[in-house]
Asker: 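Pasting in a structure now, in structure tokens, and then I'll have a few things to ask.
Predicted, not measured: the structure shown is a model, and the values here were computed from it.
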Amino acid sequence: MQQIKVKIVNKSANALPQYSTAESAGMDIRASLSEPVTLMPLQRALIPTGLFIELPSGFECQIRPRSGLALKKGISVLNTPGTIDADYRGEIGIILINLSNEPFVVNNGERIAQMVIKEYVKAELVQVDVLDDTERGAGGFGHTGVK
């Protein structure tokens, strides 16, 4: 498993994000709030974290929902996955949405999302008039059937 160093500034009163287990891909991120935020059903809000990161060139940070929060409370990250580019130096903010029928209160220090650091490649787009054929062709959106 490859490891990289990521510089981080923590202006919150919370601990740094960390992996929960040895094989976890994501680190839990906590809300940094001066007072609780209530999300009504179908409401969204930008939740601050107090975290600022400096990623190495060629890496991004993906912000993803926490599965337990999504299943148990109907809370998700709206722009899943959110992308933090290597040249962004602002505060990490999490766009949460309440997809449940009940109000949800976000408290300071609550684990609201997870971040995954991923390496990426740059693509050079080459404009052509025709694409090579494949067995699948243009089939999509359930073209292989239900079972």
Side-chain angles (χ1 to χ4, degrees), residues 1-10 12 14-33 37-107 110-147:
M1 171 182 346
Q2 180 183 4
Q3 285 195 334
I4 61 167
K5 295 203 183 291
V6 174
K7 295 178 182 177
I8 186 165
V9 172
N10 185 0
S12 79
N14 302 314
L16 288 178
Q18 58 187 1
Y19 297 103
S20 295
T21 68
E23 296 298 321
S24 293
M27 294 178 264
D28 289 337
I29 296 182
R30 298 176 183 272
S32 178
L33 300 168
V37 172
T38 300
L39 288 174
M40 300 305 290
L42 299 180
Q43 184 181 12
R44 63 188 178 273
L46 180 62
I47 307 297
T49 65
L51 301 174
F52 303 74
I53 61 174
E54 182 179 325
L55 294 165
S57 181
F59 287 84
E60 64 161 330
C61 176
Q62 296 179 357
I63 303 298
R64 302 177 182 180
R66 294 189 66 240
S67 58
L69 201 55
L71 177 64
K72 296 173 186 170
K73 300 293 183 176
I75 304 302
S76 190
V77 175
L78 186 57
N79 61 324
T80 300
T83 298
I84 300 168
D85 296 307
D87 58 352
Y88 177 68
R89 295 296 183 266
E91 181 178 8
I92 296 174
I94 310 296
I95 305 170
L96 288 185
I97 186 164
N98 182 353
L99 297 173
S100 78
N101 295 321
E102 304 287 329
F104 179 78
V105 178
V106 182
N107 293 296
E110 185 163 359
R111 295 178 298 158
I112 57 170
Q114 59 181 327
M115 65 182 207
V116 175
I117 309 296
K118 296 289 293 177
E119 193 169 14
Y120 64 88
V121 297
K122 290 277 189 164
E124 177 184 348
L125 300 179
V126 179
Q127 187 169 343
V128 297
D129 293 324
V130 178
L131 300 176
D132 293 340
D133 282 333
T134 66
E135 183 179 333
R136 179 179 181 168
F141 299 101
H143 81 283
T144 59
V146 178
K147 296 185 181 203

Asker: Please lay out, stage by stage, how M27 and Q18 fare under the test side chain to side chain contact (heavy atoms under 4.5 Å, CB included).
Answerer: CA-CA 5 Å; M27 294 178 264; Q18 58 187 1; 5.5 Å; no

Asker: Nearest heavy-atom pair of F104 and E110: which atoms, and what distance?
Answerer: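 Between these two residues, the closest heavy atoms are CZ-OE2, 3.3 Å.
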
Asker: Say you draw a straight line from CD1 of I112 to OG of S32; how long is it, rounded to the nearest 0.5 Å?
Answerer: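 The CD1 atom of I112 sits 9.5 Å away from the OG atom of S32.
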
Asker: Over all heavy atoms of both residues, which pair between E91 and T49 is shortest? Give the atoms and the distance, please.
Answerer: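 Smallest heavy-atom distance, with atoms named: OE2-N, 3.1 Å.
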
Asker: Between the main-chain N or O of L39 and the side-chain N or O of N98, is there a donor-acceptor pair closer than 3.5 Å?
Answerer: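 Between the backbone of L39 and the side chain of N98 there is a qualifying donor-acceptor contact (under 3.5 Å).
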
Asker: Going by heavy atoms in the side chains, are M115 and P17 under 4.5 Å from each other?
Answerer: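 Yes. Closest side-chain heavy atoms under 4.5 Å.
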
Asker: Can L42 and L99 be said to form a side chain to side chain contact (heavy atoms under 4.5 Å, CB included), step by step?
Answerer: CA-CA 5 Å; L42 299 180; L99 297 173; 4.3 Å; yes

Asker: Tell me, yes or no, whether the heavy-atom count around L131 atom CG, taken from other residues, nucleotides or ligands under 6.0 Å, exceeds 12.
Answerer: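 No, the 6.0 Å shell around CG holds no more than 12 heavy atoms from other groups.
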
Asker: Rounded to the nearest 0.5 Å, how far apart are OG1 of T38 and CG of N107?
Answerer: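 Between atom OG1 of T38 and atom CG of N107 there are 8.5 Å.
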
Asker: Taking N14 for its side chain and A31 for its backbone only, find out whether a donor-acceptor pair lies under 3.5 Å.
Answerer: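 Pair found, side chain donor or acceptor close to backbone of A31.
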
Asker: Looking at F52 and R89, what are the two nearest heavy atoms and their distance?
Answerer: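 Result for this residue pair: CD2-O, 3.4 Å.
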
Asker: To check you understand the geometry: which heavy-atom pair defines the closest contact between Q114 and R66, and what is its length?
Answerer: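 Closest approach of Q114 to R66: N-CG, 4.1 Å.
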
Asker: Once you round to the nearest 0.5 Å, how far does CD1 of I63 lie from CD1 of I92?
Answerer: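 Going from the CD1 atom of I63 to the CD1 atom of I92 covers 5.5 Å.
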
Asker: With side chain to side chain contact (heavy atoms under 4.5 Å, CB included) as the test, would you mind laying out the steps for V77 and N79 before giving the verdict?
Answerer: CA-CA 6 Å; V77 175; N79 61 324; 3.7 Å; yes

Asker: Please name the pair of heavy atoms, one in V106 and one in L33, separated by the smallest distance, quoted to 0.1 Å.
Answerer: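 Smallest interatomic distance, heavy atoms only, reads O-CD1, 3.4 Å.
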
Asker: Run through V116, V6, L55 and flag the one making a side-chain contact (heavy atoms from CB on, under 4.5 Å) with C61.
Answerer: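 So the option named by the test is L55.
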
Asker: If I compare all heavy atoms of P56 with all of A86, which pair ends up nearest, and what's the gap?
Answerer: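 Shortest heavy-atom separation between P56 and A86 comes out as O-CB, 3.6 Å.
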
Asker: How many angstroms lie between CZ in R64 and OG in S76, if you round to the nearest 0.5 Å?
Answerer: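 It is 12.5 Å, given to the nearest 0.5 Å.
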
Asker: If you round to the nearest 0.5 Å, how far is OG of S12 from CD1 of I29?
Answerer: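 Result: 10.5 Å between the selected atoms.
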
Asker: Rounded to the nearest 0.5 Å, what's the gap from CD1 on I97 to CG on L78? Could you check?
Answerer: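 Spacing of CD1 (I97) from CG (L78) equals 4.5 Å.
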
